[in-house]
Amino acid sequence: MSTSNAPVILRVYDNAPEAYIALGALRSAGVHCQLENQIISSVLAIPISDICSIKLLVNPEDIDEANAILDGATATD
């Protein structure tokens with residue numbers, strides 16, 4: 001049995017600015033990540049969640065670190 005290292009969905013965003021902020025936070029911390037559907041969401045700027053949502057993908061081994069980074073970035077004092 002082999003384990004897959006294919007990227008997994010960490011978060012889903014409804015708008016590009018939020019998705020790019022999260023992407024930048026993770027990349028700044030050295031976490032390999034990518035966005036999926038960012039072009040579709042910018043062309044079809046209508047609220048159709050499955051078609052226009054932007055998925056933030058990370059490697060499975062980075063899930064905990066990525067969640068900690070994003071949770072810390074959005075925490076309010």
Side-chain angles (χ1 to χ4, degrees):
M1 181 187 333
S2 64
T3 58
S4 174
N5 286 334
V8 296
I9 299 171
L10 180 70
R11 306 264 170 113
V12 178
Y13 296 93
D14 292 329
N15 65 66
E18 288 181 14
Y20 279 103
I21 289 169
L23 181 77
L26 294 180
R27 286 186 174 170
S28 293
V31 176
H32 295 281
C33 54
Q34 64 189 38
L35 296 176
E36 181 178 277
N37 288 347
Q38 71 268 25
I39 294 173
I40 292 172
S41 68
S42 64
V43 172
L44 299 175
I46 54 177
I48 301 175
S49 62
D50 288 342
I51 295 173
C52 294
S53 62
I54 302 171
K55 297 169 184 72
L56 177 60
L57 307 173
V58 298
N59 293 328
E61 63 270 12
D62 295 328
I63 290 174
D64 292 335
E65 180 183 4
N67 273 320
I69 292 166
L70 295 180
D71 291 343
T74 59
T76 59
D77 293 291

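What's counted below: heavy atoms across the whole structure, side chains too, no hydrogens, waters or symmetry copies.
The CG atom of Leu26 sits 4.5 Å away from the CG atom of Leu70 when rounded to the nearest 0.5 Å. A distance of 9.0 Å separates CG in Leu57 from CG in Leu10, rounded to the nearest 0.5 Å. The OG atom of Ser53 sits 15.0 Å away from the CZ atom of Arg11 when rounded to the nearest 0.5 Å.
Here the side chain of Arg27 pairs a donor or acceptor atom with the backbone of Cys33 at under 3.5 angstrom. Remark: the backbone N or O of Glu65 is not paired with any side-chain donor or acceptor of Asp62 at under 3.5 angstrom.
Considering every non-hydrogen atom in both Ile54 and Asn37, the closest pair reads CG1-O, 4.2 Å. Ile69 and Ala29 get closest at one heavy-atom pair: CD1-CB, 3.4 Å. Closest non-hydrogen pair, Tyr13 versus Ala22, comes out as OH-CB, 3.2 Å.
Using a 4.5 Å heavy-atom cutoff, the side chains of Asn5 and Glu61 are in contact. In this structure, Leu56 and Leu23 have side chains that are in contact, with non-hydrogen atoms separated by less than 4.5 Å.
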_Residues Ile21, Glu18; criterion side chain to side chain contact (heavy atoms under 4.5 Å, CB included); working and verdict_ = CA-CA 5 Å; Ile21 289 169; Glu18 288 181 14; 5.7 Å; no
